[in-house]
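Quick notes on the structure that follows.
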Amino acid sequence: MAAAFVGALTVFLAPDEWAGRLAFAISLIPFAGSLYLWSGFEAGGNALLGGEVAYATQIEWLEVGGRSVSWFVGLDGISLPLFVLTTFLVPLAIVSAWTPVDSRQSQFYGLMLFMEANLLGVFAALDFFLWFVFWEAVLVPMYFLIGIWGGPRRKYAAIKFFVYTNAASLLMFIGFMSLVFALGDSVSSFALPEIAQAIAAGGLGEWFGIPPDTVALFAFLAMFLGFAVKVPIVPFHTWLPDAHVQAPTPASVLLAGVLLKMGTYALLRFNFTMLPDQASMLAVPIAAIAVISVIYGAMLALAQKDLKRIVAYSSVSSMGYVILGLIVFTEYGVGGATFQMVAHGLISGLMFMAVGVIYNTTHTRMVGDMAGMADRMPVTVGILVAGAFGYMGLPLMAGFAGEFFIFVGSLSAPALPYAPVFTALAMFGIVIVAGYLLSAMQSTLFGPFELETDYEVGPAAFHDVAPLAVLLVAIIVLGVAPDIFFEMIRDAALPVVEGVTIDG
């Protein structure tokens, strides 16, 4: 994190002509650091439920309302894969900006590194106030990246993104603080492990005369709605297509690849880890929301003509699978949902990046404006097609592994009534995904060459194609050998599964 913060300041002060290369070089430092942490990771269990915290650092910071706030960071099997994903995607996103970003470059790349630093803080922080600072700070660079370097309606999209997500954060904050106040003197700090374990031990009391069970239910609903906007799930998804369409390609890569995972990660950490009984009580409506997101998001994608909107709505559909995996409370469900966060981060990043490369050359993203791109841009198109098949769940790719784990975990989930029905409906979403992706590819990539604009179309530059190739290799490696992440994820997911009370 420190390297990214210092790097952001350094790039802000650098001349524009050096900024892109300098930002890429600096971004390799956090990536190398995350690989080092991964190579030495030996922690077991869940950091919030008494498990070992790897690389923990805790320094007292200040006191608020009789409770201490500290710089408390550390990793476990749930946060480390997302930590590595972030440091992996940022250098590739920076390289993808070398062609389209030609103005105020030092500011652009500085904001990218500043966003990376705060994203890493979200996944590593184990004190609520520290975590909330990072959570809110992520909004600032994304707002400017969309508002300054975005498309024609960038100001509208940036304001809509900020207002939606900031209002959701306020709702989430109120919900969590109600838990803290209801715990009373049973917690002495805002450390998430202390709070989670106090709730598990039955430490919740009355709050202004409201019974503990009611407080817990209110907190769960408030936090769920707050995080649902960030994911996003239907019907809180309307900010996402506007943000994606107007955002520059590198910002879209991080928005889909990492920022959406903040919402699902927070749902797992706060809602499903701290309040599993409330989640189990609401299992049916949450599963219904997940399935609606899968089907409705896929149907919306099917109706789009803008390639970027197609991929954007695909993210809504994919996040529905993650929610379904979390709510079933099984080893493979929760573990598969966490694995799918990483897999979707890689695949969505590749798709947005490939669409961006095509747009850089053709200056259009509309399905009806071009055809036969495979003849002029064979490498880019080949990688895009491979990424699309990864989205469809092609075996031996990361997307298949994530969805397979979720379906295995949800088909016989004792915590979810009618689990086979919900699973079957969600699996139908894969058919719709195949429909809209194959249709869009057939229209734009194959057949005789046609282009409505008058730009010359040829193979993309090496620095445009290289990040796509790296992402594709990572997707295949994770699909062939999912245990490189899944074993640590499953180890951290088991305590969450064991914490739920199943009626009947």
Practice problem: Any chance you could lay out the side chain to side chain donor-acceptor pair (under 3.5 Å) test for T99 and N360, step after step, and finish with the verdict? | Solution: CA-CA 8 Å; T99 295; N360 293 340; 5.0 Å; no
Any sub-3.5 Å donor-acceptor pair from [X]'s side-chain atoms to [Y]'s backbone N or O?
X    : Y    : answer
S27  : F24  : yes
T10  : V6   : yes
S317 : V294 : yes
Q304 : L300 : yes
E487 : D483 : no
D127 : S70  : yes
W149 : P100 : no
S293 : V234 : yes

Self-check item: ring-ring contact (aromatic ring centres under 6.0 Å, His included): pairs with one or both residues in residues 41-67, sequence neighbours excluded
Solution: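 Output for this query is empty, none listed.
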Non-hydrogen side-chain atoms of [X] and [Y] separated by less than 4.5 Å:
X    : Y    : value
I383 : V379 : yes
M142 : T165 : no
Y321 : H344 : no
S103 : F108 : no
W131 : R269 : no
L85  : L82  : yes
F12  : L111 : yes
I94  : P91  : no

What residues form a side-chain contact (heavy atoms from CB on, under 4.5 Å) with [X], not counting sequence neighbours?
X    : answer
A312 : H244, F352
T264 : V231, K261, M319, V322, I323, M341
A19  : V11, Q105, S106, Y109

Exercise. Look at the rings of F272 and F220 and say which category their plane angle falls in: under 30° parallel, 30 to 60° tilted, over 60° perpendicular.
Key: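 The rings of F272 and F220 stand perpendicular, inter-plane angle above 60°.
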Self-check item: Aromatic ring proximity F485/W38, centre distance under 6.0 Å
Solution: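 Yes: the rings meet the under 6.0 Å criterion.
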Exercise. Only counting residues at least two apart or in another chain, list the ones meeting ring-ring contact (aromatic ring centres under 6.0 Å, His included) with F486.
Key: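 Result, ring-ring contact (aromatic ring centres under 6.0 Å, His included) vs F486: Y332, F405.
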Self-check item: Which residues share a ring-ring contact (aromatic ring centres under 6.0 Å, His included) with F83, sequence neighbours left out
Solution: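 None.
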Quiz item: For the ring-ring contact (aromatic ring centres under 6.0 Å, His included) test, which of F176, F173, F132 pairs with F270?
Solution: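 Among F176, F173, F132, the one meeting ring-ring contact (aromatic ring centres under 6.0 Å, His included) with F270 is F176.
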Quiz item: Applying the ring-ring contact (aromatic ring centres under 6.0 Å, His included) test to F129, which of W71, F72, F190 qualifies?
Solution: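 So the option named by the test is F190.
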Quiz item: Does a sphere of radius 6.0 Å around CD in E42 hold more than 12 heavy atoms from other residues, nucleotides or ligands, not counting ones at 6.0 Å or beyond?
Solution: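 No.
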Quiz item: For atom OH of Y265, is the number of surrounding heavy atoms from other residues, nucleotides or ligands below 6.0 Å larger than 12?
Solution: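 Counting other residues, nucleotides and ligands, OH of Y265 exceeds 12 neighbours.
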Please report the shortest heavy-atom distance between [X] and [Y], naming the atom on each side.
X    : Y    : result
L22  : A14  : CD2-CB, 3.8 Å
M115 : P141 : CB-CG, 3.6 Å
A43  : A54  : CB-CB, 3.8 Å
Q340 : G402 : OE1-CA, 3.4 Å
D491 : G45  : OD2-N, 3.0 Å
L384 : A354 : CD1-CB, 3.7 Å

Practice problem: Take N166 and S169 through the side chain to side chain donor-acceptor pair (under 3.5 Å) test and state the conclusion after the steps. | Solution: CA-CA 5 Å; N166 200 41; S169 296; 4.9 Å; no
Practice problem: Considering only NZ, NE, NH1 and NH2 on the basic side and carboxylate oxygens on the acidic side, decide whether D242 and R309 come within less than 4.0 Å. | Solution: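 Salt bridge present between D242 and R309.
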